[in-house]
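First the structure, in the form of structure tokens, and then the observations on it.
Chain naming here is simple, since letters A, B, ... match the order of the sequence lines and numbering starts at 1 in each. Only a predicted model underlies this, so the values are computations on that prediction, with no experimental measurement involved.
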Protein chains: 2
Amino acid sequence: MERLMQSLRIGINEKIYVKDPESSDLGKRIVEQSIIMINKMGFESFTFRKLGERIGSNESSIYRYFENKHKLLLYLTSWYWGWMEYKVVFATNGIANKVEKLERALEILTQTVEKDISFSHIDEVKLNEIVINEYSKSYLTKVVDQENKEGYFEIYKRLVQRLSDMIVEVDGEYPYPSSLASSILEGSLHQYFLKEHFPMLTDCDHNITPTQYFMDLVSRTLNIA
Amino acid sequence: MERLMQSLRIGINEKIYVKDPESSDLGKRIVEQSIIMINKMGFESFTFRKLGERIGSNESSIYRYFENKHKLLLYLTSWYWGWMEYKVVFATNGIANKVEKLERALEILTQTVEKDISFSHIDEVKLNEIVINEYSKSYLTKVVDQENKEGYFEIYKRLVQRLSDMIVEVDGEYPYPSSLASSILEGSLHQYFLKEHFPMLTDCDHNITPTQYFMDLVSRTLNIA
DNA sequence: CAAATATAACAGTATTACTATCATATATTG
DNA sequence: CAATATATGATAGTAATACTGTTATATTTG
């Protein structure tokens, strides 16, 4: 996987950034350090000024890459979902058995993220934590419809669609494949959050993983042929 | 129901407010108008200054009721969940049949909210929209653990617990009652959001309701005796 | 080497999220 | 009824945020 990914790039809607952060050293530092900072201090406290100080660069230089921190969050989360999509497509590619294929996808989508050395400047473990804690904020806005129209959420939508398709493949009679797929993706992030902050609201702990919960849920829900 | 509720009050953790907004006319106007404004302009754009202008009062007077707008959001969402809890408890109270009881609770928790005339200054329909669009923001913060410790999320936690208990009553063997309960509450809000903004990611539309989806999900998941 | 481009440094603006002070209106109590 | 406490309003002020704009300097490219 590492080898392949080294020459792969996550294709992100160009309207999300002003200048492609992958195109320069400064851009990569912006992405790299913003992940560390947002993860540490939370999206609300994070500012371009602080990021500039941290990377020894100027606030106005960062604005030449991203219009504002909301767009940067869209960039980071798009990257994350694009990366997940690659992992799912790659891992399920050769699997003929539909059930096995769905299970493999579920595993990847609901598992804890492990360090991936392929994208050197991106810490996927921290990015996963950011997605758990901040992803909702990227779409729970008053501009969601316009940004959706501009394609800012394409990667996530495509991923839900892929999962939904796999569900249909396993049980063509099941009436709510899209809702189940979106529930799994969103719900997985939520269960990880609860596990960390509201352990009473989840059965997931050091013994039980969100993956087990969702695997079980899907196996109970679908009529597996 | 109306009669009963007129003399009932939703008990909200006193640490959430500086001065009880139910205790004065100004307080009620703050709550009433903030619901209308947050619903219209979104939580991010909403400020105490704007609210002050709108209710013909002073910014600093509002600060005497709520430390900041985050606390106000906690107040509003706590009220909402408290109201939902009353509705669930009231509606399921006399039901002996466990399955029927769970179904009734699910209905209330996943249905579209309708106007409730009991609490005159609170527009429950708009408040439900606020919860759909903003609730996550109330806990996706860096202070969540501290605020949780102070009891700011007690009502919501109690509601999840109630639902979880009902699930256990129906199927004591099911291993993930808390996760299922939290998934339903959070997932219901999410499906309503998707229906409005990302229709491709849900099967819910004008024909299919989130209630149908979750009722079906639960009936497939639990072994109903 | 010239020209274009990228970045840095600095200044400036409107808004936000408060805090503080003081005046006045209203309610409470002795 | 007077004294006093409390609630609200008016105004001002501060530090931080989220930018925009200008100019200088460094780097890349043709």
Select one nucleotide: of [options], the one nearest the side-chain heavy atoms of [X].
{"X": "A:Lys69", "options": "D:dT8, D:dG13, D:dA18", "result": "D:dA18"}
{"X": "A:Leu26", "options": "C:dA8, C:dC18, D:dA18", "result": "C:dA8"}
{"X": "B:Arg64", "options": "C:dC10, D:dT8, D:dC19", "result": "D:dT8"}
{"X": "B:Ser60", "options": "C:dT7, D:dG9, D:dA18", "result": "D:dG9"}
{"X": "A:Tyr63", "options": "C:dA17, C:dC10, D:dT20", "result": "D:dT20"}
{"X": "B:Asn58", "options": "C:dC10, D:dA10, C:dT16", "result": "D:dA10"}
{"X": "A:Glu59", "options": "D:dG21, D:dC19, C:dT7", "result": "D:dC19"}
{"X": "B:Asn68", "options": "C:dC18, D:dA10, C:dA8", "result": "C:dC18"}
{"X": "B:Tyr65", "options": "C:dT19, D:dT8, C:dA8", "result": "D:dT8"}
{"X": "A:Ser24", "options": "D:dA10, C:dT7, D:dT8", "result": "C:dT7"}

According to the interplanar angle, ranging from 0 to 90°, do the rings of B:Phe48 and B:Phe46 count as parallel (below 30°), tilted (30 to 60°) or perpendicular (above 60°)?
perpendicular
Using 30° and 60° as the class boundaries, would you call the ring planes of A:Tyr139 and A:Phe153 parallel, tilted or perpendicular?
perpendicular
Does the side chain of [X] get closer than 4.0 angstrom to OP1 or OP2 of [N] through an N or O atom?
{"X": "A:Lys19", "N": "C:dT7", "value": "yes"}
{"X": "B:Ser57", "N": "D:dT8", "value": "no"}
{"X": "B:Lys50", "N": "C:dT16", "value": "yes"}

What is the distance, rounded to the nearest whole Å, between atom [atom1] of [X] and atom [atom2] of [N]?
{"X": "B:Ile30", "N": "D:dG9", "atom1": "CD1", "atom2": "C1'", "answer": "13 Å"}
{"X": "B:Ile62", "N": "D:dA10", "atom1": "CD1", "atom2": "P", "answer": "12 Å"}
{"X": "A:Asp25", "N": "D:dT27", "atom1": "CG", "atom2": "P", "answer": "12 Å"}
{"X": "A:Met37", "N": "D:dT17", "atom1": "CE", "atom2": "P", "answer": "11 Å"}
{"X": "A:Glu67", "N": "D:dC19", "atom1": "CD", "atom2": "P", "answer": "9 Å"}
{"X": "A:Arg29", "N": "C:dA8", "atom1": "CZ", "atom2": "P", "answer": "7 Å"}
{"X": "B:Phe48", "N": "D:dT8", "atom1": "CZ", "atom2": "P", "answer": "14 Å"}
{"X": "A:Phe66", "N": "D:dA18", "atom1": "CZ", "atom2": "P", "answer": "16 Å"}

For A:Glu44, report the nucleic acid contact type (base, sugar-phosphate, nothing); a contact means any heavy atom under 4.0 Å.
nothing
Over all strands shown, is B:Ser61 touching base, sugar-phosphate only, or nothing at heavy-atom distances under 4.0 angstrom?
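Counting heavy atoms under 4.0 Å across all strands, the contact made by B:Ser61 includes a base.
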For residues A:Tyr213 and B:Tyr176, establish whether the separation of their ring centroids is below 6.0 Å.
yes
Let me know which of A:Lys28, A:Lys50, A:His121, A:Arg54 forms a side chain to side chain donor-acceptor pair (under 3.5 Å) with A:Gln33.
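Among A:Lys28, A:Lys50, A:His121, A:Arg54, the one meeting side chain to side chain donor-acceptor pair (under 3.5 Å) with A:Gln33 is A:Arg54.
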For A:Lys15, is the NZ atom crowded, meaning more than 12 foreign heavy atoms sit under 6.0 Å from it?
yes
Whether A:Glu154 and A:Lys157 form a salt bridge (side-chain N of Lys/Arg under 4.0 Å from carboxylate O of Asp/Glu) is what I want to check.
yes
